Structure formats: C-alpha cells, structure tokens
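Note that the coordinates shown come from a computational prediction; the quantities given were computed from them, not determined experimentally.
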Amino acid sequence: MESSKDISRLIEIMAALRDRKTGCPWDIVQTFETIKPYTIEEAYEVSDAIERRDMDDLCDELGDLLLQVVFHARMAEEAGEFSFGDVVEAITRKMIRRHPHVFARSDADTPDAVKLQWDQIKAEEKRERAERRARRGITEDFKAGFLGSVQRSFPALTEALKLQERAAKVGFDWSAPEPILDKIEEEIDELRVALRDGEKDKVADELGDLIFAVVNIGRHIKADPEQALRGTNTKFRRRFGHIETTLEAEGETLEGASLERMEEIWQAAKAIERQLT
C-alpha cells in the first residue's frame, strides 16, 4: 500500500490496521476510551506547532489529528453507529446550514446580523439534538442548563475558567480578588486535613477545589490560568535544563546528583534569569 493525498487511502489504511485477522495487534484492541487521550494529545501538539510557527510540524501534527478522527470513525462503523462519510456529511451539512448568507439566500449582510442568524440556527440544532437523544434514551445532558454552553471537552483549567465566567454573568462571583485569596487559604487548610487523615479520594477532591480557586484568582487579575501555567512550565523546563547541562559539564548525572546539589544549581539558574531581566 502506498501513500496518497486522497482521504480514502487513509480510511483504507485504518481498516487494514483494525482487521481482526491481519491487522495490527495494538490497533485491534483499542476502544474509544483508550484512544481518547491520544486524540487530546494530538490536538495539543497541533496547538504547540502553531505557537512555535512551525509549518512543517503543523502539517505533520494535523495529519496525526486527522488520523484520530478516522480511528474513531472506524470504530464507530464497526459498532454499526456511523462511518467517516457520515462525519463529513454531518459537518458539511452544519456549515452550509449555518451560513445561508454564503450558500443560500439570506438578508444577513453585517457581522451582527450573521451572529444573530448563527444563534438562531444553533438553537434549532439544539432542539433537534435533544429530540435525537430522547429517541436513544439518553437523559443526562451536560449541554443543558445555563452552564451547558461550556464544553466538558475543554482542558480542565479552561473548563473551570469558562464555568466561572459563565456564572459571573448572573452575578455568582466574587466582588474582588482579596476574598478569593482567603478562599485559597481555606482550601489549603482543608487539603492539609485530608492529607493528615490519609483519605485518598478526599485529598483529590480538596486538591480540585484548591485548583478551582486558583483559577478564579487568575480570572480576576486578568491572567489566563492556562497561559500562566504554560509560562511556568516553560520556565521549569529552562531551569531544569540548566541543572542537566551543569551536571553534565561537571561529569555528573541527574540520577547521581543529590537533591541539595540540584537545588543549588536551580537557584543559580534563577539568579541568572534575574540578571537577564
């Protein structure tokens, strides 16, 4: 089998990988649940390539993300639910329906008119979706209610931020950053108690409450928590890299170095950064 620019070749490759007799042992045993983390990871890698402005990587990562779509569609087809063609048809139908000012006759000729038209069409689609779910016996719907517009598929930090922003629209919000700092201290105390009691589930629950409160303070001071954490991650990479290169220059290894020595080099890296800034 050879590579091709035709999407049908990718669909054929996935079918071959999933073949129960001649396919790949790893691909055959995968499920929606086991593949989901890879789908999320590939979306992040697309984002990373965009941030780095690396068009070579972006092309490659978009292919990896497309593979995830084909993978999920293939498993759905095997289960008798839908195929890749159904996925394409659904999104093309949605785009045509939501852009009547482009693909059909419409009076929407300004950005505001287009936005109003878009909202009306989405409301119609929401009603139709509810009817389909009811026919399938699906009762729980996280897309319902005032917070329903916040996607559960967002990264947890982003979901927390969006939930808080949404709740703030109806006044369910802190009036200033200072009380949130008190709330953070309260959550830290509750986490300490949970750690002392050794209740694993309670520890995780309190940790989640603490992170949620930290996201809230970020929102109030206009610092996006996702981007703030990404900046800290970059800083951590840089400083840890300094530890690694310093140890290598001294003929040592990360595994052989003491925590005290690594901390010493870490502080040196911080001092260098302060001088540069």
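- Pairing each heavy atom of Ile243 with each of Met262, the nearest pair is CD1-O, 3.5 Å.
- Atoms CD and CG, from Glu264 and Leu259 in turn, are 11.5 Å apart once rounded to the nearest 0.5 Å.
- Between Glu250 and Arg261, at least one side-chain N (NZ, or NE/NH1/NH2) sits under 4.0 Å from a carboxylate O, which counts as a salt bridge.
- Considering CG of Asp48 and CG of Leu58, their distance stands at 10.5 Å, rounded to 0.5 Å.
- Lys162 and Glu159 are not joined by a salt bridge, as no carboxylate oxygen comes within less than 4.0 angstrom of a charged side-chain nitrogen.
- A salt bridge does not link Glu165 with Lys169: every distance from a Lys NZ or Arg NE/NH1/NH2 to an Asp or Glu carboxylate oxygen is 4.0 Å or more.
- Remark: Arg52 CZ is packed, more than 12 non-hydrogen atoms of other residues, nucleotides or ligands lying under 6.0 Å away.
- Minimum heavy-atom separation, Pro155 to Glu226: CB-OE1, 4.2 Å.
- Side-chain N/O atoms of Thr110 and Asp112 include no donor and acceptor closer than 3.5 Å.
- Using a 4.0 Å cut-off between charged side-chain N and carboxylate O, Arg127 and Glu131 make no salt bridge.
- Here the side chain of Gln30 pairs a donor or acceptor atom with the backbone of Trp26 at under 3.5 angstrom.
- Ser47 contributes no side-chain N or O that, together with a main-chain N or O of Ala43, makes up a donor-acceptor pair within less than 3.5 Å.
- Other residues, nucleotides and ligands place more than 12 heavy atoms under 6.0 Å from the CG atom of Asp6.
- Both Ile188 and Val214 belong to a single network of hydrophobic side chains, linked directly or stepwise wherever heavy atoms of I, L, V, M, F, W or Y lie under 4.5 Å apart.
- Side-chain atoms of Arg74 do not come within 3.5 Å of backbone N or O of Ile11 as any donor-acceptor pair.
- The CG atom of Asp209 sits 9.5 Å away from the CG atom of Leu191 when rounded to the nearest 0.5 Å.
- Using cut-offs of 30° and 60° on the angle between ring planes, the pair His99 and Phe103 is perpendicular.
- Atom-to-atom distance recorded for Glu178:CD and Leu181:CG is 6.5 Å, nearest 0.5 angstrom.
- Between Glu273 atom CD and Gln275 atom CD the span is 10.5 Å, to the nearest 0.5 Å.
- Residue Tyr38 places its OH atom among 12 or fewer non-hydrogen atoms of other residues, nucleotides or ligands, all under 6.0 Å distant.
- Other residues, nucleotides and ligands contribute over 12 non-hydrogen atoms within 6.0 Å of the CG atom of Asp197.
- Atom CZ of Arg20 has more than 12 heavy atoms from other residues, nucleotides or ligands within 6.0 Å.
- Residues Leu147 and Ala167 approach most closely at CD2-N, 4.3 Å, considering heavy atoms.
- Counting heavy-atom neighbours within 6.0 Å of Arg238 CZ, excluding the residue itself, gives a total above 12.
- When all heavy atoms of Ala213 and Ile184 are compared, the pair lying nearest together is CB-CG1, 3.8 Å.
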| task | Test salt bridge (charged side-chain N to carboxylate O under 4.0 Å, His left out) on Lys36 and Glu33 and set out the steps. | result | CA-CA 5 Å; Lys36 182 178 72 171; Glu33 289 73 21; over 6 Å; no

Enumerate donor-acceptor pairs with a distance under 3.5 Å from any side-chain N or O in residues 61-68 to protein atoms, sequence neighbours excluded.
unit_1: Gln68; atom_1: OE1; unit_2: Thr39; atom_2: N; d: 3.4
unit_1: Gln68; atom_1: OE1; unit_2: Thr39; atom_2: OG1; d: 2.9

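- Donor-acceptor pairing under 3.5 Å is recorded for the side chains of Arg219 and Asn216.
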| said: Pair Glu187, Lys183 - check salt bridge (charged side-chain N to carboxylate O under 4.0 Å, His left out), show working. | reply: CA-CA 6 Å; Glu187 297 297 352; Lys183 181 64 175 176; 3.3 Å; yes

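- Taken together through direct or relayed side-chain contacts under 4.5 Å among Ile, Leu, Val, Met, Phe, Trp and Tyr, Ile13 and Val70 form part of one hydrophobic cluster.
- Annotation: the span from Ile265 atom CD1 to Phe240 atom CZ amounts to 10.0 Å, rounded to 0.5 Å.
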Using atom types as modelled, flag every donor-acceptor pair under 3.5 Å from a side chain in residues 86-96 to any protein atom, sequence neighbours excluded.
unit_1: Asp86; atom_1: OD2; unit_2: Ser83; atom_2: N; d: 2.8
unit_1: Asp86; atom_1: OD2; unit_2: Ser83; atom_2: OG; d: 3.2
unit_1: Thr92; atom_1: OG1; unit_2: Val88; atom_2: O; d: 2.9
unit_1: Thr92; atom_1: OG1; unit_2: Glu89; atom_2: O; d: 2.9

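- Taking every heavy atom of both residues into account, Ala168 and Asp173 meet most closely at CB-OD2, 3.5 Å.
- Taking all atoms of both residues into account, the shortest heavy-atom contact from Leu247 to Leu254 is CD1-CD2, 3.8 Å.
- Ion pair Glu125/Arg98 flagged as a salt bridge, since at least one NZ, NE, NH1 or NH2 atom sits closer than 4.0 Å to an Asp/Glu carboxylate oxygen.
- Side chains of Glu124 and Gln120: a donor-acceptor N/O pair is absent below 3.5 angstrom, by distance only.
- Hydrophobic cluster membership is shared by Val203 and Leu210, with clusters built from Ile, Leu, Val, Met, Phe, Trp and Tyr side chains linked at under 4.5 angstrom.
- Under the 4.5 Å side-chain heavy-atom criterion for ILVMFWY residues, no single connected hydrophobic cluster contains both Phe236 and Leu229.
- In this structure, Val29 is not a member of the same hydrophobic cluster as Ile35, with clusters built from ILVMFWY side-chain heavy atoms closer than 4.5 Å.
- Residue pairs meeting the ring pair (Phe, Tyr, Trp, His ring centres under 6.0 Å) criterion with at least one partner in residues 69-88, sequence neighbours excluded, are Phe32-His72.
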